[in-house]
Amino acid sequence: MLKDIQVARSCTIRDALARLDRTGHGLLLLVSAEGCFERTVTDGDLRRLMLGNASLESTLTQLPQRASVTVKVGSYTRQQALALMGQHSIHHIPVLDDSGSVAGLLERKELDEQILLSTPHLGEFEREFVEEAFRTNWIAPLGPHVDAFERELAAEVGVKHAAAVSSGTAAIHLALRLLDVGPGDRVFCSALTFVATANPILYQGAEPVFIDSEPFSWNMSPLALERALAESKAQGRLPKAVIVVSLYGQSADMDPLLELCDAYGVPVVEDSAESLGASYKQRPSGSMGRMGIFSFNGNKIITTSGGGMLVSDDESLIKKARFLATQAREPVPHYEHTTVGYNYRMSNILAGVGRGQLRVLKDRVQARRRVFERYRDGLKHVTAIEWMDEPAWSYSNRWLSTGIIRSERTRVTSQDLMQRLMAERIEARPVWKPMQLQPVFAQAAYYSHEPQHSVSAHLFESGFCLPSGSNMTEAQQDRVIAVLSDLFAKG
Ligand SMILES: *Cc1c(COP(=O)(O)O)cnc(C)c1O
């Protein structure tokens, strides 16, 4: 392609126009006899020659010399190249090597392409289900898709019952209500998580206590939980619930956590918002606690644009959840209410989207795992990167490909990494900022993995999340790999 748009001064205007027409880039690159880049040539340049005294058979010899904007190989980021294009109102910039020859051509529409962290990825059935909702005029909260989505998700996760709600946060809130969490109560919660896990504790006026991660799964540390439970018991203030998060698609080490909670008689709520499709010792994530929750927010492994699910083997809990989620309306015609409820139910339209998405869940898990494996293989030589491990008991959905930077092996920090990716129009994120470091939870108690070692704080400082969407192309993944290879080679 580069060959096709390079012309010498001996080229005729006719030939130049034909090449412009054939190549469709809107410009040619004029090169000297020695192969050095001279200037760009556009339709307009040729038109001006013709309006002078040139004919179609004249050559480009009369083309005036002019300095064009160029960049040197490897000397620019996407963001810088785009800024240069904006500044000069141009859509192309030739890339030159040290000898002045053309090594490439930057195109605005190609540079503009952004790689996002995790975007929705629709399958082929969603539209059909949504159209069915329209056709049958079920444009309401509740309806046949909601019932079916609940059944299908419960079957997928291996639980008996499920209630579809408006968000994962709503599902956590309902779980706490169902466990009778109220003012003065304590709730233990994974420290390393998204704030949505912990906010419902405050909605209920209860007191969060944050439990650190262990270094292998990044999820709740049994050691920290054990100390927290023992101390709380001694104070006569055992928590009403323990919310165990399965982060970035990887289940927590559930057996020791469940054993501890059982021993103290405290129910477990599994926040599996990020780990639908993952499993722990063959048991699906979200199916192991008293209740489990999932999220179908736009960035999750499957999405309904917004939505959530509360699951449990206990039918009475799920029935009560549905009741609370529909304004706690008593089953009588005259709008009777004996307790406070919420407007938390999922719409029939969105449940239709969810049903379609559920059908491709396994594909999505495999695609995300493949993204992770390509990063790991493509960056094998970068010893400073330590990927989030997958312990033998875990089957992760690799919702986000995530890792930490070993600071003793490189000068590159996680901030450098994110800045560099951003400059290349690639979205990356730090690991969740742990709850004990959040100003909103400044008062909350915190139990670290070991008394002097806070694992979640370390993961936050050194961690990063890479674009991981199941609809990423291999070329996009290669772009991420190339940028990181370069960054660590220089750092
Ligand atoms: C996304 C998420 C939630 C909240 O789900 P929403 O549907 O966005 O309300 C809760 N916990 C974790 C760990 C999440 O990642």
Side-chain angles (χ1 to χ4, degrees), residues 113-121 123 156 192 213 215-219 246-253 272-285 299-303 357 359-406 409-410 412 414 417-418 420-421 424-432 459 462-489:
E113 190 204 34
Q114 211 180 352
I115 302 179
L116 297 172
L117 194 71
S118 178
T119 58
H121 184 183
E156 180 71 39
L192 187 65
S213 303
F216 307 105
S217 71
W218 296 20
N219 286 310
S246 290
L247 214 61
Y248 298 127
Q250 171 147 278
S251 173
D253 188 3
S272 297
E274 300 175 4
S275 64
L276 180 61
S279 58
Y280 173 76
K281 300 182 182 173
Q282 319 290 337
R283 286 175 277 166
S285 181
N299 59 353
K300 298 290 159 51
I301 190 144
I302 61 170
T303 182
Q357 287 270 280
R359 292 193 175 190
V360 292
L361 172 63
K362 289 206 164 55
D363 288 345
R364 300 301 183 253
V365 171
Q366 277 163 14
R368 292 209 186 226
R369 287 180 64 89
R370 260 199 311 277
V371 171
F372 172 78
E373 281 155 21
R374 287 193 90 247
Y375 284 148
R376 194 190 48 196
D377 294 348
L379 292 164
K380 218 175 243 152
H381 55 289
V382 182
T383 55
I385 292 182
E386 184 178 310
W387 299 103
M388 183 196 220
D389 199 9
E390 189 177 34
W393 39 258
S394 172
Y395 178 77
S396 172
N397 72 18
R398 293 288 184 191
W399 173 56
L400 294 185
S401 290
T402 172
I404 57 171
I405 297 177
R406 299 277 298 264
R409 294 183 182 167
T410 178
V412 176
S414 58
L417 179 147
M418 279 173 284
R420 178 63 197 281
L421 289 172
E424 301 294 342
R425 297 183 66 69
I426 297 168
E427 187 185 21
R429 290 282 168 84
V431 162
W432 298 121
L459 293 171
S462 54
F464 59 85
C465 302
L466 299 181
S468 308
S470 47
N471 46 5
M472 274 181 89
T473 62
E474 293 201 344
Q476 289 176 323
Q477 296 159 30
D478 291 342
R479 235 178 88 188
V480 177
I481 291 169
V483 171
L484 293 183
S485 279
D486 182 67
L487 174 70
F488 282 94

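Worth saying up front: this structure is predicted, and the values here are computed from it rather than measured. Heads up: numbering here begins at 1 and tracks the sequence.
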message: Can you tell me how the ring of Y375 sits relative to the ring of W387, calling it parallel under 30°, perpendicular over 60° and tilted otherwise?
response: parallel
message: Parallel, tilted or perpendicular: which one describes the rings of W432 and Y248, with boundaries at 30° and 60°?
response: parallel
query: Distance only, no hydrogens: is a donor on one side chain within 3.5 Å (strictly under) of an acceptor on the other, for R283 and S251?
result: no
message: Hydrogens and angles aside, do S394 and Q250 bring a side-chain donor and acceptor to less than 3.5 Å of each other?
response: yes
[atom1]/[X] to [atom2]/[Y] distance, rounded to the nearest 0.5 angstrom?
X    : Y    : atom1 : atom2 : value
L421 : C465 : CG    : SG    : 11.5 Å
D253 : W393 : CG    : CH2   : 4.5 Å
L484 : L466 : CG    : CG    : 6.0 Å

query: What's the verdict on side-chain hydrogen bond (donor to acceptor under 3.5 Å, both in side chains) for S401 and R374, showing C-alpha distance, side-chain angles and the deciding distance?
result: CA-CA 10 Å; S401 290; R374 287 193 90 247; over 6 Å; no
- request: May I ask you to say whether R369 pairs ionically with E390, meaning some side-chain N is under 4.0 Å from a carboxylate O?
  value: yes
message: Can you tell me if K362 has over 12 outside heavy atoms packed within less than 6.0 Å of its NZ?
response: no
field: Note, P467 side chain near V480 side chain (heavy atom, < 4.5 Å)
entry: yes
message: Measuring only between side-chain heavy atoms, which start at C-beta, is F488 closer than 4.5 Å to L417?
response: yes
